[in-house]
Amino acid sequence: MMTTDQQRSGAIFSPVPRGPLLDNLDRVARDAAHTQPRFSVARIEQLIARSISLMALVFGAQTLSIALGSGLVAPEPMGSLYLLTLLGLLVAVILFGVNPRLQRIANLLFAAVYLVAVALWAVASGGAGAESITEPWTWYLCAIACASVSQALRPWIAAVYIAVTPAVYGLVRVIDENGDITHADIAVQDALYGTMIGLVILVLITMFRNAARAVDEARSAAFLRYDEAVRRHALEAERIEVDALVHDTVLASLQAAERASMPEQARAAVAMASDAISKLAALEGPVADPGQRITIGWLVDVLRQHAVHLETPFEITLRGSDAHSIPFPVAESLYLAAAQAMTNSIQHAGDTGGRSVAVEVEDAVVHVCVRDEGVGFDTAAVDADRLGLRVSIIERVVAAGGSVDLRSRPGAGTVVNIRWSDEDAAPRQSTQETTEEASA
C-alpha cells in the first residue's frame, strides 16, 4: 500500500497550503510582476495618442497640399493666418503623441481654435468658394478635431462637439458672398459625413478605454485575492511549524515517557526530553539566514547525532555528493521530519531487526528514507490526532516544497520516503519573491 501527500487520502493527511488555486495565482502574479501588462488604461492611452498623431500627420500633409495647390481661398493675410495657426497646432498634436497628457492640452487647443476658425470661415473668405462643390482645405481637418476632443474630453461633451462642429462647417461652407445658402444638399451631406466619422472615432476610443479599465480592475481584484491567499498561506505554514514544534518537543516527550515500558524506551524518552529543552531554549536565539545553503553532509551529521541521542542503533548512509547544498530552511525541515520518523520507529515499531536512514542525492533531488522492519501499521486506521505523522513529517515537508511517501502494513515494517528538489519547490519560491516585491 502506498500513500502520498499529493493524494491527501486517509485520516493522517490534512489540507496543506498548496493546491491548484495558489499555483495558478503564483503563475499569474509572477507574470504580472515581471512583465508589463499588454492591455491596460495606460497602454490604451498611449495607443490613442500615437494614433491621433499619425492621423494628424497624414491629414495635415494632405491639407497643406490642398491648401497650397488650390489656393487659400481666404485673402491675404487672413488665409495665411488660418493655415499657419491650424497647422501649427497640428504640429503640436503630432509631437506630443509620445505623452498623452501633453497631447490632451494640444488637442483641446486645436479643437477649440478649429471650431472658431470654421465658424468664421464665411467672414474670412468673403463667401468665396461657396459655389464650388469641392470642399475647402479646412474640411480635411474636421476628423482630427473630432478625434482630438474624443481623446481630451468626456464622451458626452465630445459627442456634443462632434455634432455641432460638422454642422457649423456644413452651414458656413455654403454661405455665398451675399449671405445666401447655396448647395444646401452639400451642407447636409458634409455635416452628416463629418458627424458619422467623428462618432465612429469616439465610439472606438470609448470602447477601448472601457475595456482597458475593466481589465485593470480585474487585475487589481486578482492581486487582492492573491494577497489574501498568500496571507492565509503564511498563517497556515506558521501554524504547521508551531504544531510540529509543540509535538516534536513537549507532546512527544510526554507521550514517550508515558509509553516507556522497557529500558530502551525510557532512555529514548529521556533523550527526547533533553532535546525538547534544548529546542525550546533555542527559540530566543538568533535565527539563521533563510538564504544560507547547507550541505547534505551537514544533514547526515545531524541525523547521526540524533541517533546517538536516541541511543538506538540506526544505520545512516549517504549515497551521492555530500557537498550538494540546499537552503537552510529546507535542510532544517528535512532533518526534523526524518528525526521524527526515527523517533516514531523507536516508539511504535517494537523490537526490530534493523533501522536505517538513507540519504541520497541524485540529479539535484534529495531523498531521505527512514526504514524499519518493525510491526508496521495500517495507514488508513491511524488516528487523525497523531501529529507525528500528519504535522511533524508530512505537512512540514510539503510546506518546504517537498513530498512524502509513506508505506507500511501490519507485519511488514514502515518506510518513510522524503523527497525534495529545487524544481519542485520553485513555485513556492516564486510566491515568496512575489510577496516580497508586492510588500516593497
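Atom set for the values below is all heavy atoms of this structure, side chains included, hydrogens, waters and symmetry mates excluded.
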Begin with the C-alpha distance, continue with both residues' side-chain angles, and end with the deciding distance and a verdict on side-chain contact (heavy atoms from CB on, under 4.5 Å) for S321 and I296. CA-CA 8 Å; S321 173; I296 296 300; over 6 Å; no
Please walk me through it: do T414 and L406 pass side-chain contact (heavy atoms from CB on, under 4.5 Å)? CA-CA 8 Å; T414 301; L406 175 64; 4.1 Å; yes
Please test L90 against L141 for side-chain contact (heavy atoms from CB on, under 4.5 Å), starting from the C-alpha separation and ending with a verdict. CA-CA 9 Å; L90 206 59; L141 300 178; 3.9 Å; yes
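Other residues, nucleotides and ligands place no more than 12 heavy atoms under 6.0 Å from the CE atom of M207. Around the CG atom of D363, the shell of radius 6.0 Å holds no more than 12 heavy atoms that belong to other residues, nucleotides or ligands.
Between the side chain of S325 and the main chain of T295, no donor-acceptor pair closer than 3.5 Å is present. In this structure, Y114 contributes its side chain and T165 its backbone to no donor-acceptor pair below 3.5 Å. At least one donor-acceptor pair closer than 3.5 Å links the side chain of S408 to the backbone N or O of F377.
Using modelled atom types, one finds no donor on one side chain facing an acceptor on the other under 3.5 Å when comparing N107 with R104. Between the side chains of Q305 and D301, not a single donor N or O lies within less than 3.5 Å of an accepting N or O.
Put simply, the side chain of I144 does not reach to within 4.5 Å of the side chain of T63, judged on heavy atoms.
Using cut-offs of 30° and 60° for the angle between ring planes, the H306 and Y335 rings count as perpendicular.
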